[in-house]
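Since the structure comes first, as structure tokens, the remarks are kept for the end.
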Amino acid sequence: MMYLIAAYGITIGTLAFYLSVLLRERRRLSRDARRSG
Amino acid sequence: MQATAQEAGSRRARAAAGLETGLARIRRPFGWLLLALVASYAWLVVGAPIDSVQGVIQKILYVHPPLAYGAYLGFVLTAVGGVLYLRSNREIYDQLAVAGAEVGVVFCTLMMVTGPIWAKGTWGHWWSWDPRLTLTLLLWFVYLSYLLLRGFTEGGARTARFASVYGIVGTLLIPLNYFVIDLFQGRTMHPANLARGSLGSGMGMPFLVANLTLFAAFVYLVLLRWEVEFWRARSLEDDALEAEEFGAR
């Protein structure tokens, strides 16, 4: 059971973290682009 | 002269805004689809039958192969982006290639983490130098090198052309990786590829939904990563334009 939880936990955690990094980066870049016109 | 540069700049900005809106418009429905699928995925995995031989650990089946398909798909997208870039020289296709490679590497890494966890629970050890596992490690290194190549070089058309060829050649490993078990006529530690009817009773639907969920996650992440790459290129262009204007003054 521990192995199963580890496999799903690592997968979901990593994908969620990657998604949050991309969303933050996208927001930052589009904000900078708008600011510079 | 300055007016022409400004016109070109505003034309670029208009085209960029249109493209960005288009990508975001395609991405959003996948986000909603993903949210809907995640709930049914969780419900189906919890309720899926427990394998009589492996026990509960066999439920890694609902995450490990879908991650592998996502990795393959990411690397195929890199090749498709590469081919389109070499044909048209349009930067947007090179950006797609980068997005496919990065999301592919994320999926491949997770596949290479969930696989050994499953192996430890069933074979008793984390790793074996089995042909499928060894080729998967090689595939991972090939695309990690692709990302390092992109990250450690200054960019530009020459890097993009080289990376396109590298990405196209790299895909040759995918069919080899998939069919290596057949080539070794099943004499491998890794189980044979899934075929119609090879899943136990009641496992088909959770497996299907697992594939759909991770596919939706894959598409969403690729589109988002594509947007990020696109904005990064635009930000670099703006910096270059500013430097040019500053130099002209």
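Here the structure is a predicted model, which means the values were calculated and not measured. Numbered from 1 within each chain, the chains take letters A, B, ... in sequence-line order.
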Which bit of [X] is near chain A, if near means a heavy-atom gap under 4.5 Å: side chain, backbone, both or neither?
X: B:Val45; result: side chain
X: B:Val113; result: side chain
X: B:Val106; result: side chain
X: B:Tyr62; result: both

Checklist entry - Between A:Ile12 and chain B, which part of the residue has a heavy atom less than 4.5 Å away: side chain, backbone, both or neither? => result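 For A:Ile12, there is no contact with chain B at all, as no heavy atom is under 4.5 Å.
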Item to check | Proximity breakdown for A:Thr14 and chain B, heavy-atom pairs closer than 4.5 Å | outcome: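 The side chain, not the backbone.
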Measure the shortest side-chain to side-chain distance between [X] and [Y] over non-hydrogen atoms and say whether it is less than 4.5 angstrom.
X: A:Asp32; Y: B:Trp231; answer: no
X: B:Leu214; Y: A:Leu15; answer: yes
X: A:Tyr18; Y: B:Arg225; answer: yes

Item to check | Between CG on residue A:Leu22 and OH on residue B:Tyr220, distance to nearest 0.5 Å | outcome: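 The OH atom of B:Tyr220 is 9.5 Å from CG of A:Leu22, to the nearest 0.5 Å.
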Next on the checklist: Tell me the closest heavy-atom pair linking A:Thr11 and B:Val63, and the distance in Å.
Outcome noted: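 Reported closest heavy-atom pair: CG2-CG2, 3.7 Å.
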Item to check | Non-hydrogen atoms of A:Arg26 and B:Leu224 that approach each other most closely | outcome: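 What the structure gives for the nearest pair is CD-CD1, 3.5 Å.
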Item to check | chain A interface, residue from B:Glu229, B:Met111, B:Glu102 that has the most non-hydrogen pairs under 4.5 Å | outcome: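 Counting heavy-atom pairs under 4.5 Å, the top option is B:Glu102.
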Checklist entry - Which of these passes side chain to side chain contact (heavy atoms under 4.5 Å, CB included) with A:Leu4: B:Ile117, B:Thr114, B:Ile60? => result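 Exactly one pass, corresponding to B:Ile60.
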Item to check | Whether B:Trp126 and A:Tyr3 hold their rings parallel, tilted or perpendicular, with breakpoints at 30° and 60° | outcome: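 Perpendicular.
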